[in-house]
Amino acid sequence: MLSFDNTEIAFESKSNAELKRAHFLFNVIGKRWVVKMGKRFTHFAFTVGLPIKSIIKATIFKQFVGGESINDCEKAMKALADYKIGTILDYSVEGKESEESFTSAEKEILRTIEKAEKDNRVAFSVFKVSGLGRHEILEKRSKMLPLTDPEKTEWESIFNRVLNICTAAHRIKSPIFIDAEESWIQPAIDELALTMMRKFNTEKCIVYNTAQLYRHDRLQYIQELFDIAEKENFYVGLKLVRGAYMEKERKRAQEKGSADPIQPNKEATDKDFNQALVFCAERISRIAICLGTHNEDSSIKLATYLADHKISHEHPHIYFAQLLGMSDHISYNLSKDGYNVAKYVPYGPVKEVVPYLIRRAEENTSVKGQTGRELSLITKELKRRKLTS
Ligand SMILES: Cc1cc2nc3c(=O)[nH]c(=O)nc-3n(C[C@H](O)[C@H](O)[C@H](O)COP(=O)(O)OP(=O)(O)OC[C@H]3O[C@@H](n4cnc5c(N)ncnc54)[C@H](O)[C@@H]3O)c2cc1C
């Protein structure tokens with residue numbers, strides 16, 4: 001029986017010092033006021049040029065990020081590969097809105113695909129469409145509003161960047177995720193993902209879109225995508241997640257007086273997430289999934305489904321994924337049991353990765369029980385190693 005309780009397996013790859021650092025860090029970011037103050041102070045420090053880079057690098061960066069460049073991620077990649085866990089190199093620079101930054105993001109994502117070609121420890125590549133073009137264009141396209149001529153050119157650039165990236169992944173036959181983002185730009189992302197799946201998923205699953213099951217319309221989206229794929233004979237790739245922008249989504253719906261795209265409560269999200277994973281697993285010959293979650297129950301549900309239906313743990317259409325520095329008890333125990341597991345290894349220059357780090361810190365404060373769970377697991381392991389009373 002699969003269990004996530006074994007902290008010896010979960011933290012086997014961690015030295016005593018690493019474990020103590022993680023304990024300290026989760027203790028700190030578990031306090032809402034510290035995260036709030038930290039967010040303000042970091043912004044201020046970078047604005048006035050205070051030397052805080054080294055502090056960030058030695059603490060929160062070290063826990064959640066692989067390094068500043070692909071080469072820097074070697075240590076994290078090796079630590080994962082030693083336990084048969086794949087790497088998903090995630091260039092985590094966010095919030096840039098210039099053509100120059102879009103071109104440079106495209107180049108960097110292509111570099112991660114080059115790395116995947118040479119290094120079989122890379123399980124998937126990944127990118128965000130919002131890193132390749134302006135939000136405004138994606139939003140207008142999503143709402144099917146007419147674009148001006150310059151905007152049409154911008155949309156074509158976004159399309160071509162996504163095409164270049166997916167072509168590269170297809171050439172080396174290595175799968176790639178398209179991350180899901182805010183609901184007001186998601187229709188444009190879904191449109192691009194469908195075009196790429198039609199083009200590149202005819203022989204095997206290369207392109208994966210992401211479905212956020214905190215949205216109440218995503219089960220229907222998955223069903224419709226499956227119907228199209230059946231009719232046109234291509235593979236569907238889906239990363240299933242609950243969704244990361246809930247507060248932002250609710251706030252915007254309230255401000256605009258529009259319908260809230262998010263489920264009424266956590267239970268409804270959980271129900272759809274678990275239903276989605278069963279729907280996909282039942283259609284495993286057509287749909288390849290990656291369960292992007294830190295939720296133990298959902299991970300167990302998929303593992304149990306595989307056992308009940310005698311589906312191999314290593315079936316190439318089933319993957320589990322977590323983020324670096326989080327839920328190692330799930331990743332390492334799944335991997336020990338022979339399941340396909342990979343972790344996002346975010347990387348980028350310290351200053352540029354700060355928004356990602358703040359989200360991780362906020363998630364660990366706001367997601368009920370997440371920090372508490374990480375802390376109690378680390379504490380349990382520290383006790384087992386007799387490093388604390
Ligand atoms: C490998 C990986 C890839 C990811 N990729 C993406 C991505 O592309 N796009 C993206 O948006 N996110 C992505 N995420 C983040 C993910 O969506 C979740 O925010 C995060 O993983 C927490 O959800 P959980 O399933 O791990 O578990 P849990 O801790 O069980 O669930 C927390 C989640 O439940 C939902 N929730 C909480 N409270 C409520 C409520 N009151 N009503 C309705 N729903 C609620 C929210 O989505 C919240 O994040 C990814 C996560 C992983 C691990």
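These numbers come from a predicted model, not from an experiment. Remember, it's 1-based here, ligands and their atoms both numbered in the order they're listed.
Comparing Ile262, Val241, Asn209, Leu213 against atom 14 (N) of ligand 1, the shortest heavy-atom distance belongs to Val241. When Lys266, Glu181, Gln322 are ranked by how near their heavy atoms come to atom 34 (O) of ligand 1, first place goes to Lys266. With atom 6 (C) of ligand 1 as the reference point, the heavy atom nearest to it among Glu182, Lys239, Gln186 is part of Lys239. Between atom 38 (N) of ligand 1 and the options Lys128, Arg215, Met246, the minimum heavy-atom separation is to Met246.
Residue Gln263 approaches ligand 1 through these ligand atoms, each under 4.0 Å from one of its heavy atoms: 42 (N), 43 (C). Listed by number with element, the atoms of ligand 1 under 4.0 angstrom from any heavy atom of Ala244 are 10 (C), 11 (O), 12 (N), 17 (O), 19 (O). The Ala321 neighbourhood of ligand 1 comprises atoms 1 (C), 53 (C), with distances under 4.0 Å to a heavy atom of that residue. Those atoms of ligand 1 that come under 4.0 Å of a heavy atom in Tyr214, given as number and element, are 47 (O). Those atoms of ligand 1 that come under 4.0 Å of a heavy atom in Asn295, given as number and element, are 26 (O), 27 (O), 30 (O). Annotation for ligand 1: atoms under 4.0 Å from non-hydrogen atoms of Tyr245 are 11 (O). Interface of Thr269 with ligand 1, defined as ligand atoms under 4.0 Å from a residue heavy atom, comprises 43 (C), 44 (N), 45 (C). Within the listing of ligand 1, atoms 24 (P), 26 (O), 53 (C) sit less than 4.0 angstrom from a heavy atom of His294.
Classification of Lys53 and Glu68 as a salt-bridged pair holds, one side-chain N sitting under 4.0 Å from a carboxylate O. The residues Arg385 and Glu8 are annotated as not salt-bridged, no charged nitrogen and carboxylate oxygen being separated by less than 4.0 angstrom.
Taking the ring centre of Phe102 as origin, the terminal cationic atom of Arg161 falls outside the region bounded by 6.0 Å and 45° from the ring axis. Within the cation-pi definition used here (under 6.0 Å to the ring centroid, within 45° of the axis), Arg218 qualifies as a partner of Tyr221. Relative to the ring axis of Phe273, Arg242 places its NZ or CZ within 45° and under 6.0 Å from the centre.
With hydrogens and angles disregarded, a donor-acceptor distance shorter than 3.5 Å links the side chain of Glu374 to the backbone of Ser327. Asn209 contributes no side-chain N or O that, together with a main-chain N or O of Asp190, makes up a donor-acceptor pair within less than 3.5 Å.
You'll find the ring centres of Phe127 and Tyr91 outside the 6.0 Å limit.
Within the 4.0 Å heavy-atom criterion, neither part of Glu247 lies near ligand 1. With a 4.0 Å heavy-atom cut-off, ligand 1 is reached by no atom of Met326. Within the 4.0 Å heavy-atom criterion, the part of Tyr344 lying near ligand 1 is the side chain and not the backbone. Proximity of Phe177 to ligand 1, defined as any heavy-atom pair under 4.0 Å, is not found for any part of the residue.
Checked by atom type, the side-chain pair Asn71/Tyr347 shows no donor-acceptor distance below 3.5 Å.
Ligand 1 lies within reach of Arg250, whose nearest heavy atom is under 4.0 Å from it.
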*Can His317 and Tyr235 be said to form a ring pair (Phe, Tyr, Trp, His ring centres under 6.0 Å), step by step?*
CA-CA 10 Å; His317 279 187; Tyr235 291 102; 5.8 Å; yes
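Taking the six-membered ring where the residue is Trp, His170 and Phe200 present tilted rings, their angle falling between 30° and 60°.
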